There are 2 protein chains.
Amino acid sequence: MKGIRRLAQHLDISIGTVSRALNGRPDVKEETRKRVLEAARQFGYVPNQSGRSLRQGTTNIIGFMIQTGSEITGQGDTFFMSVFDGVQEVFARHKLDLVALLCSSQEDPTEYLRRAVARGFADGLILSATRRHDPRVELLAERNIPFVTLGRTLTDAGQPWLDLDFEGMAQASIDRLVARGHRRIAITLPHNDANLGYVFVERCRQALSAHGLILDESLIFRSTPNEAGGYQIGRDLLALEERPTAIVLINETIATGLYRALLEAGVRPGADIAVIGRHSPQANFLSPSLTCFRLSLHDLGIALAETLLSSMPAFAYHYPDAPPNRLWPMELVEGESDALQAHQF
Amino acid sequence: MKGIRRLAQHLDISIGTVSRALNGRPDVKEETRKRVLEAARQFGYVPNQSGRSLRQGTTNIIGFMIQTGSEITGQGDTFFMSVFDGVQEVFARHKLDLVALLCSSQEDPTEYLRRAVARGFADGLILSATRRHDPRVELLAERNIPFVTLGRTLTDAGQPWLDLDFEGMAQASIDRLVARGHRRIAITLPHNDANLGYVFVERCRQALSAHGLILDESLIFRSTPNEAGGYQIGRDLLALEERPTAIVLINETIATGLYRALLEAGVRPGADIAVIGRHSPQANFLSPSLTCFRLSLHDLGIALAETLLSSMPAFAYHYPDAPPNRLWPMELVEGESDALQAHQF
DNA sequence: CCAGCGACCGTAAACGTTTACGGAACTATG
DNA sequence: CATAGTTCCGTAAACGTTTACGGTCGCTGG
């Protein structure tokens, strides 16, 4: 005898009552509930997940899909760890469990996701590293399973999304640099078709043209979003005949590599070239200090969770005024890396 | 009509046959199997996870437990992503899915794990960030659920484990530094009771005493295992009346912070103090380059998976000679950060 | 022609829950 | 006392699979 039956036998009541007691149903005597809870604690009984979710068609699990192998997203562990922690802060209130669905770099993400949802693995999903054309959102939309994306796509299907405000970053960076006299401004992009790249480059173009400038295509650098990619960008940049006087980095992780390439060549960020980047745990320890855009990953996680829950009927009433879509602002942290004024040349 | 029944109805055969066909049972006509597989593909049918695992008591899921919040483990940006990818390379061969069980920093890891196993969530588990006294291993051992730990504990219960060879690192580092004339050697430790700290400090002590030296307790630095911790260590070290001439870093992530603190004070790694650390994605971009111990995280993941599977009856025969316990070697990468000879003083 | 066998497939039970339904005991009301 | 209402609990069906068991059919060998 196992599981709920064992408990019922021990208490000499029916399994139905045990279940009701544990699930907080009203039609069970308070004294009985006490006994059941006590016995459950004592036996270490926890309802079997499979049985429960088979019956009620719900798993109490939310999946956060991420790709392993790390070269793809360019987000490091610490990024997700912090976001996860925020997400869980919200989920804990609803007895929801967060698990990370790990899609191997060997596997097609859409197929992976298709399998996961067909198996009925999770009640809801969080998608990250969204691509410009992302078949995953169509898949989930037509399956009618609640989800939220961290990042917009071109193929948005009306699902809730959160996205970092890359437009704001682009605008602020360009304005700031132009105001300081820069005319040749380089930018970096991830070289896959991540959606954020398009958003970013487009807004940079706009912002520049508002100042009567055009974005020189030869100053758009694409690379893998990691340290090595940053190093390569640095080398490529230095090899140009006519160097830019400033560069804006879209990814967190490339700054260290870029610094290395520049410093090796005796080019000092902030003195010989202006650099604006994204904040990362390492950013504080770069020298000269990096001017960068920062955000609270923990709060981002909280918002992500709330946004998802507000789209799930069972939880929506807890979050009546969570907006379905949000552009998450980033805060500019002034450092030394963009100190120079271009007219110093 | 849904699920397997729908498929069966459409093909005009029984659900039993459909199941057998999909599961590769021998007693089904080859032509029938073809039809079933084709229909399944066409309908996008995937067996419901709950139903399946309820019946066979198995989930085909392996859980990798990690703590979110990131300050705890101190693993760098891409550590887990790379390990995961290796693990999955092995699991993919057995149609096992890897999911990350995310324990919030708010929650007690043991309780979290207890819930997860009681729910019958996974067929096997991988534990990381093992503590010296880790109640999780007792829990899993008495529940008789297959698991492997990344890191030993004092309370090992005969389970398979893998651990980085911190002894080897300690020995090699001390020998190397002593051979170069260093007498005052500092080391760093994480300040929680992670097991690796004890292993490391003990072996350092031994190695030093083999050279007739003793480990000065005031040269043992404890900190959070991240950049900020490294910075703090640097400051503390510089404040000492009698500075060490060398320091060995146990964590990946603290080198950047340490460098910053040293360089701010005009103390150059490799010239004014010798530094030996652990490799990380950022390590390549430190200047002067860091002498460090490196390992293939992908291969570590593979080994971890194989070790776990070899302890699971259903898979063991695939891995007849996987050792239950392994000390994973790290390779020394020579950099400039420990170039100085102490007798230069 | 019959027994025996193998190949294939249908039937139904089982896995561990939750929950609709109904019934028993008790209380309140007239 | 009869009736209605309330409170609590037991019964059993249902969720979607897998699999033991047995049955049908066709074939083979005597």
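The sequence lines fix the lettering, A, B, ..., with proteins before strands; numbering per chain opens at 1. Remember, predicted model here, so these are calculated numbers, not experimental data.
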Task: Sugar-phosphate, base or nothing in reach of Thr32(A), heavy atoms under 4.0 Å - done: sugar-phosphate

TODO: Using whole Å, report how far CG of Asn23(A) lies from P of dG16(C).
DONE: 17 Å

- [ ] Look at the side-chain N and O atoms of Tyr45(B) and state whether any lies under 4.0 Å from the OP1 or OP2 oxygen of dT17(D).
- [x] yes

Task: Lys29(B), nearest nucleotide to its side chain (from dT19(C), dT18(D), dC8(C)) - done: dC8(C)

Open item on the list: Of the options dG16(C), dC8(C), dT18(D), whose atoms approach the side-chain atoms of Ile15(B) most closely?
Closed with: dT18(D)

TODO: Round to a whole Å and report the spacing from CG of Leu54(B) to C1' of dC15(D).
DONE: 9 Å

Task: Distance-only donor-acceptor test, Arg20(B) side-chain atoms vs dG10(C) base atoms, 3.5 Å - done: yes

Open item on the list: Applying a 4.0 Å non-hydrogen cut-off, can you work out what Ser19(B) is touching in the nucleic acid: base, sugar-phosphate, or nothing?
Closed with: base

- [ ] Kindly say if Thr17(B) contacts the phosphate of dC9(C), meaning a side-chain N or O under 4.0 Å from OP1 or OP2.
- [x] no

TODO: Would you kindly give the CG-to-P distance between Asp12(A) and dC8(D), to the nearest whole Å?
DONE: 19 Å

TODO: Say whether Thr153(A) and Asn195(A), considering side chains only, have a donor N or O and an acceptor N or O under 3.5 Å apart.
DONE: no

Open item on the list: Categorize Gly16(B) for me: base, sugar-phosphate, or nothing, with a 4.0 angstrom heavy-atom threshold over every strand shown.
Closed with: base

Open item on the list: I need the CZ-C1' distance between Arg119(B) and dC15(C), as an integer number of Å.
Closed with: 18 Å

TODO: Classify the ring geometry between Phe84(A) and Phe64(A) as parallel (under 30°), tilted (30 to 60°) or perpendicular (over 60°).
DONE: perpendicular

Open item on the list: Does Arg25(A) reach a base, just sugar-phosphate, or nothing at all? Heavy atoms under 4.0 Å.
Closed with: sugar-phosphate

Task: Gln9(A) CD to dG16(C) C1', straight-line distance once rounded to whole Å - done: 15 Å

Task: Spacing between Asp27(B) atom CG and dG10(C) atom P, to the nearest angstrom - done: 12 Å

Open item on the list: Heavy-atom count check: over 12 atoms from other residues, nucleotides or ligands less than 6.0 Å from Arg114(A) CZ?
Closed with: yes

Open item on the list: Does Arg6(B) have more than 12 heavy atoms from other residues, nucleotides or ligands lying within 6.0 Å of its CZ?
Closed with: no

TODO: Measure from CZ on Arg55(B) to C1' on dA20(D) and round the result to the nearest Å.
DONE: 8 Å

Open item on the list: On DNA chain C, compare the nucleotides closest to Gln56(B) and Pro26(B); which residue's is nearer the 5' end?
Closed with: Pro26(B)

Task: Value in whole Å for how far the P atom of dT18(D) lies from CD of Gln49(B) - done: 10 Å

- [ ] Report the nucleotide, chosen from dT19(C), dT17(D), dT17(C), that has the shortest atom-to-atom distance to any side-chain atom of Asn48(A).
- [x] dT17(C)

Open item on the list: Taking Arg326(B)'s backbone N and O only, do any of them form a donor-acceptor pair with Asp163(B)'s side chain (distance below 3.5 Å, no angle check)?
Closed with: no

